[in-house]
Amino acid sequence: GTGPAGDVRSLQSAAPGADARPRPGPPLWLLAEVTYRCPLHCVFCYNPVDFAHHDAELSTEDWLRVLREARAAGAVQCGFSGGEPLLRDDLEVLIAEAHRLGFYTNLLTSGVGLTEQRAAALKAAGLDHIQLSFQDSTRELNDFLSHTRTFDLKQKVARIIKDHGWPMVMNCVIHRLNIDYIDRIIEMADSLGAEYVELANSQYYSWALLNRDHLLPSREQLERAERITNDWRATHDNRMRIFYVVPDYYENRPKKCMNGWGSIFLTITPDGTALPCHTARMLPGQAFPNVRDVSVADIWYRSDGFERYRGTAWMQEPCASCDEKEKDFGGCRCQALMLAGDANATDPVCAKSPKRGVVDEAVARAQRPGNPAVHPLVFRDPKESHRLTACEP
Ligand code: FES
């Protein structure tokens, strides 16, 4: 899966005054996180650390209704993600309905479970696009980082994707442990016939935040990787598009997370909770509606959870008087909570944040060669999820 995205233009016109609240545009991008179950155990997984507490999955009927309601509310793109979405054996049914409704459909997968038969069924269902994730260019590191033997399988799946005529879109999360092999990762993507490769540095949420001391690269590593990526582009006539993203910790302005809270993204978690981003459920004192009880239109246009951080009226200083507030909307609410302890605060990535020191300290630690981390790598796993988060009785 991918983390918070920001490359889509907002269709919402900027509010002229702090209190002006224009009706938001439609939820253009629907992300259906159909399951948190996953055969992999990636150390940078963006699923919430407490995912194992939310294992009551929506039924096929519920998902079909969600798709219809979201399409009626104006959604045009539908991503099927997880966990590993192929673990749902009704995935073909859901994708067929999304296709029939006129969605552009995208499957985000580790490849585990994408057999010839299922690929044919997904093609028949009208699936438009598959994004296949890798962990590294070598079997050793791929299998270590995911804690599974999946490297060979992914090579096979890449061929199946090509054979069925889908564009080959690969994603490899980049971090301290694989960034020095970025040249080999690019070569591998090219040799598999990728049209597009996303080399996005891990963002520090959820499991990646737990493992941050192991994963945050040094400035030198990042600069080298960027140089290699640019060289490859220049010498290969851009035959494969490479999208390279640095960790926001190395920026001095925050990202416009999710393109703005409640502006285009709607995530439905496996149990039906509707969220403006993958991890918003962690925000304290903030309730989010469930599609079992509330319609998608009411969730999007009228729920408190989606209204909470829309626009700029909620901001405190230094955001409130910042002339860039419409540009990044104060950054990420989840990151503000995780790093500044306050979801209403300026995202500490911003150099204007009084809490920027927290980010600088993590960056400073990442420059040390040995970089002793306080604990060993934690692999994403239901047992670890229960160990790390208290069970509600
Ligand atoms: Fe940025 Fe939640 S991940 S607002």
Side-chain angles (χ1 to χ4, degrees), residues 1-8 10 12 24 27-31 33 36 44-51 54 79 81-82 108 173 200-212 215-216 245-251 253-270 273-289 299-300 303-316 319 324-350 353 355-356 358-359 362 380:
T2 49
D7 56 340
V8 176
S10 172
Q12 215 180 314
L28 293 177
W29 280 34
L30 174 69
L31 183 69
E33 292 188 317
Y36 281 146
F44 46 76
C45 180
Y46 69 82
N47 282 167
V49 174
D50 68 353
F51 76 88
H54 307 288
S81 163
L108 299 113
V173 175
N201 261 278
S202 175
Q203 303 201 53
Y204 295 95
Y205 293 80
S206 305
W207 299 85
L209 181 64
L210 283 175
N211 290 313
R212 190 177 64 191
L215 299 178
L216 188 64
V245 190
V246 300
D248 61 351
Y249 281 42
Y250 281 86
E251 307 281 4
R253 284 290 179 272
K255 61 183 175 288
K256 186 183 189 181
C257 197
M258 309 317 289
N259 202 57
W261 183 274
S263 88
I264 55 171
F265 284 98
L266 170 61
T267 294
I268 310 294
T269 64
T273 305
L275 301 176
C277 68
H278 308 290
T279 46
R281 181 144 46 185
M282 72 164 121
L283 303 182
Q286 184 60 61
F288 290 98
I299 287 169
W300 185 257
S303 75
D304 180 53
F306 279 75
E307 274 296 299
R308 183 72 187 85
Y309 295 110
R310 266 199 182 118
T312 55
W314 59 271
M315 288 178 178
Q316 53 193 34
C319 289
E324 292 170 67
K325 69 179 169 190
E326 304 270 357
K327 219 157 115 188
D328 53 41
F329 290 103
C332 173
R333 298 305 87 223
C334 298
Q335 190 147 274
L337 175 73
M338 293 183 297
L339 301 184
D342 176 6
N344 300 323
T346 301
D347 183 336
V349 159
C350 187
S353 160
K355 294 281 172 71
R356 170 69 204 195
V358 181
V359 173
R380 175 218 201 260

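Quantities reported herein were computed from a predicted structural model and do not represent experimental measurements. Remember, it's 1-based here, ligands and their atoms both numbered in the order they're listed. All heavy atoms count here, side chains included; hydrogens, waters and symmetry mates do not.
Annotation: angle subtended at atom 2 (Fe) of ligand 1 by C277 SG and C334 SG is 100°, to 10°.
Residue Y205 places a heavy atom less than 4.0 Å from ligand 1.
Less than 4.0 angstrom separates some heavy atom of T279 from each of these atoms of ligand 1: 2 (Fe), 3 (S). Of all atoms in ligand 1, numbered sequentially from 1 with element shown, those under 4.0 Å from a heavy atom of C257 are 1 (Fe), 3 (S), 4 (S). Residue contact check: C332 has heavy atoms under 4.0 Å from atoms 1 (Fe), 3 (S), 4 (S) of ligand 1.
F306 meets the ring pair (Phe, Tyr, Trp, His ring centres under 6.0 Å) test with W300; sequence neighbours excluded. Scored by the ring pair (Phe, Tyr, Trp, His ring centres under 6.0 Å) test, F51 finds no partners at all (sequence neighbours excluded).
With a 4.5 Å cut-off on side-chain heavy atoms, R333 and W314 count as touching. For the pair R356/V349, a side-chain contact is recorded, criterion being any heavy-atom separation below 4.5 Å from C-beta on. You'll find the side chain of L216 reaches within 4.5 Å of the side chain of Y204, heavy atoms only.
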